[in-house]
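Right, one structure below, let's go through it.
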Amino acid sequence: MSNFLNCHMQGVHSLSVGTTEDGKLIRMFIAERHHRLWQNSMTNFAKGVQSLAFHNHKSDITIIPLNGIIYNISLSKRDRAEDNFAFNEFIYHSAIVDSNAGYFSKTGNSLSMGVKRHRVSQPLFLEANTLHTISVPVNTSASWLIIEGDDADDDMDYISYSASDLSNWSSVGLYQEPTVQKVEELKNKYLMGVKI
């Protein structure tokens, strides 16, 4: 099982916390108070700012909130052009999946879409091809579980859409392996009383 400090951005961590009965991975994500997930908002999308791109997954997932306030934001068709935002398309080469430093390559495609934002207060199921991102209010911490489900097609690309240009995004300082002590400290702080 793999654990990452500063997963995708500073202040967001990903810990493997177990598996389901059928062997699917359960991860806990933690957003500490200094995260930038709060930048995922309609106001910022309109300004071309986004901290975590809309992305798909290698399997269906279920998001289970643990602590704090978490919003799921997904792309949504809107009839009125003024309700849409411009997002550039990227292929994400995942540091988690293939053990290389993560990076984005621009496809040259873009789309104009609206967004739907709702608070995750109970388990939320998303199919693997669902494009979504997460938002957590500024200066707050939160944690949630991601439980993997059925695998996506093997030939599915990791597509990302972002209001920001991710061509120069750097994974320097990200995806750091924590010490055993740090993992236990984070689990004790954010997973207390939760049965996996």
Side-chain angles (χ1 to χ4, degrees), residues 4-14 27-57 61-92 94-95 102-146 158-175 190:
F4 297 97
L5 297 180
N6 301 317
C7 183
H8 307 316
M9 71 181 66
Q10 296 288 329
V12 177
H13 314 306
S14 173
R27 283 191 167 281
M28 179 173 58
F29 279 84
I30 299 164
E32 295 196 289
R33 292 180 68 85
H34 62 283
H35 67 81
R36 291 183 299 113
L37 288 170
W38 59 269
Q39 292 180 340
N40 288 338
S41 70
M42 282 57 113
T43 301
N44 282 328
F45 296 156
K47 295 176 185 174
V49 174
Q50 189 170 350
S51 60
L52 180 65
F54 289 94
H55 58 280
N56 55 4
H57 290 267
I61 63 167
T62 300
I63 303 171
I64 300 176
L66 298 176
N67 301 293
I69 297 172
I70 303 140
Y71 293 98
N72 185 71
I73 306 173
S74 55
L75 294 175
S76 173
K77 293 186 186 239
R78 296 284 190 250
D79 292 332
R80 298 178 347 150
E82 59 269 21
D83 294 335
N84 291 324
F85 303 95
F87 297 104
N88 294 308
E89 183 181 84
F90 300 86
I91 302 288
Y92 182 55
S94 174
Y103 67 96
F104 291 91
S105 55
K106 201 169 193 175
T107 67
N109 298 327
S110 63
L111 60 84
S112 179
M113 292 284 280
V115 296
K116 286 193 303 189
R117 174 184 178 252
H118 70 275
R119 184 172 176 176
V120 181
S121 56
Q122 58 188 1
L124 174 66
F125 173 80
L126 298 176
E127 292 183 352
N129 62 356
T130 302
L131 293 163
H132 85 117
T133 190
I134 296 289
S135 180
V136 173
V138 66
N139 293 323
T140 67
S141 61
S143 61
W144 59 97
L145 296 178
I146 298 286
Y158 289 98
I159 301 291
S160 297
Y161 290 93
S162 180
S164 299
D165 184 357
L166 302 175
S167 301
N168 296 318
W169 179 84
S170 171
S171 62
V172 172
L174 304 182
Y175 308 107
Y190 292 98

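Here the straight-line distance linking atom CZ of Arg117 with atom NE2 of His132 works out to 15.5 Å at 0.5 Å rounding. In this structure, CG on Asp165 lies 4.0 Å from NZ on Lys106, to the nearest 0.5 angstrom. A distance of 7.0 Å separates OG1 of Thr107 from CD1 of Ile159, quoted to the nearest 0.5 Å. Residue Phe87 holds its CZ atom at 10.5 Å from CG of Leu131, rounded to the nearest 0.5 Å. For the atom pair CG of Leu124 and CH2 of Trp144, the computed distance is 13.0 Å after rounding to the nearest 0.5 Å. Atom OG1 of Thr133 and atom CD1 of Ile73 lie 6.0 Å apart (nearest 0.5 Å).
In this structure, His118 contributes its side chain and Tyr71 its backbone to no donor-acceptor pair below 3.5 Å. Between the side chain of His35 and the main chain of Pro137, a donor-acceptor pair closer than 3.5 Å is present. Checked by atom type and distance alone, the side chain of Ser41 pairs as donor or acceptor with a backbone atom of Asn44 at under 3.5 Å. Proximity of a side-chain donor or acceptor of Ser51 to a complementary backbone N or O of Arg36 within less than 3.5 Å is detected. Side chain of Arg33 to backbone of Asn139: a donor-acceptor contact under 3.5 angstrom is found. Not a single donor-acceptor pair under 3.5 Å links the side chain of Asn109 to the backbone N or O of Glu89. Although no hydrogens or angles enter the test, the distance criterion places no donor-acceptor pair under 3.5 Å between the side chain of Ser143 and the main chain of Leu66.
Looking at Asn40 and Ile134, their side chains never come closer than 4.5 Å, going by heavy atoms from C-beta outward. The side-chain heavy atoms of Phe4 and Val12, taken from C-beta on, include no pair separated by under 4.5 Å. Tyr190 places a side-chain heavy atom less than 4.5 Å from the side chain of Met28.
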Could you walk me through whether Leu111 and Phe54 pass side chain to side chain contact (heavy atoms under 4.5 Å, CB included), step by step?
CA-CA 12 Å; Leu111 60 84; Phe54 289 94; over 6 Å; no

For the pair Tyr175 and His8, evaluate ring-ring contact (aromatic ring centres under 6.0 Å, His included) and give the outcome as yes or no after the intermediate values.
CA-CA 7 Å; Tyr175 308 107; His8 307 316; 5.7 Å; yes

Decide side chain to side chain contact (heavy atoms under 4.5 Å, CB included) for Asn72 and Ile63; before the verdict, give the C-alpha distance in whole Å, the side-chain angles of both, and the deciding distance to 0.1 Å.
CA-CA 9 Å; Asn72 185 71; Ile63 303 171; 3.9 Å; yes

Run the ring-ring contact (aromatic ring centres under 6.0 Å, His included) check on Tyr161 and Phe85 step by step: do they pass?
CA-CA 11 Å; Tyr161 290 93; Phe85 303 95; over 10 Å; no

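The minimum heavy-atom distance between Ser164 and Gln50, with the atom names listed, is OG-N, 2.8 Å. The two atoms that bring Asn84 and Ser112 nearest to each other are CB-OG, 3.2 Å, heavy atoms only. Taking every heavy atom of both residues into account, Arg27 and Ser14 meet most closely at NH1-OG, 2.6 Å. Between Ala142 and Val136, the closest heavy-atom pair is CB-CG1, 3.9 Å. Among all heavy-atom pairs drawn from Phe125 and Glu127, the shortest one is CE2-CG, 3.7 Å. Taking every heavy atom of both residues into account, Ala128 and Asn56 meet most closely at O-CB, 3.2 Å.
The stretch residues 63-80 participates, sequence neighbours left out, in these salt bridge (Lys or Arg N to Asp or Glu O under 4.0 Å) pairs: Arg80-Glu82, Arg80-Asp83.
With no hydrogens or angles considered, a side-chain donor-acceptor pair links His13 and Glu32 at under 3.5 Å.
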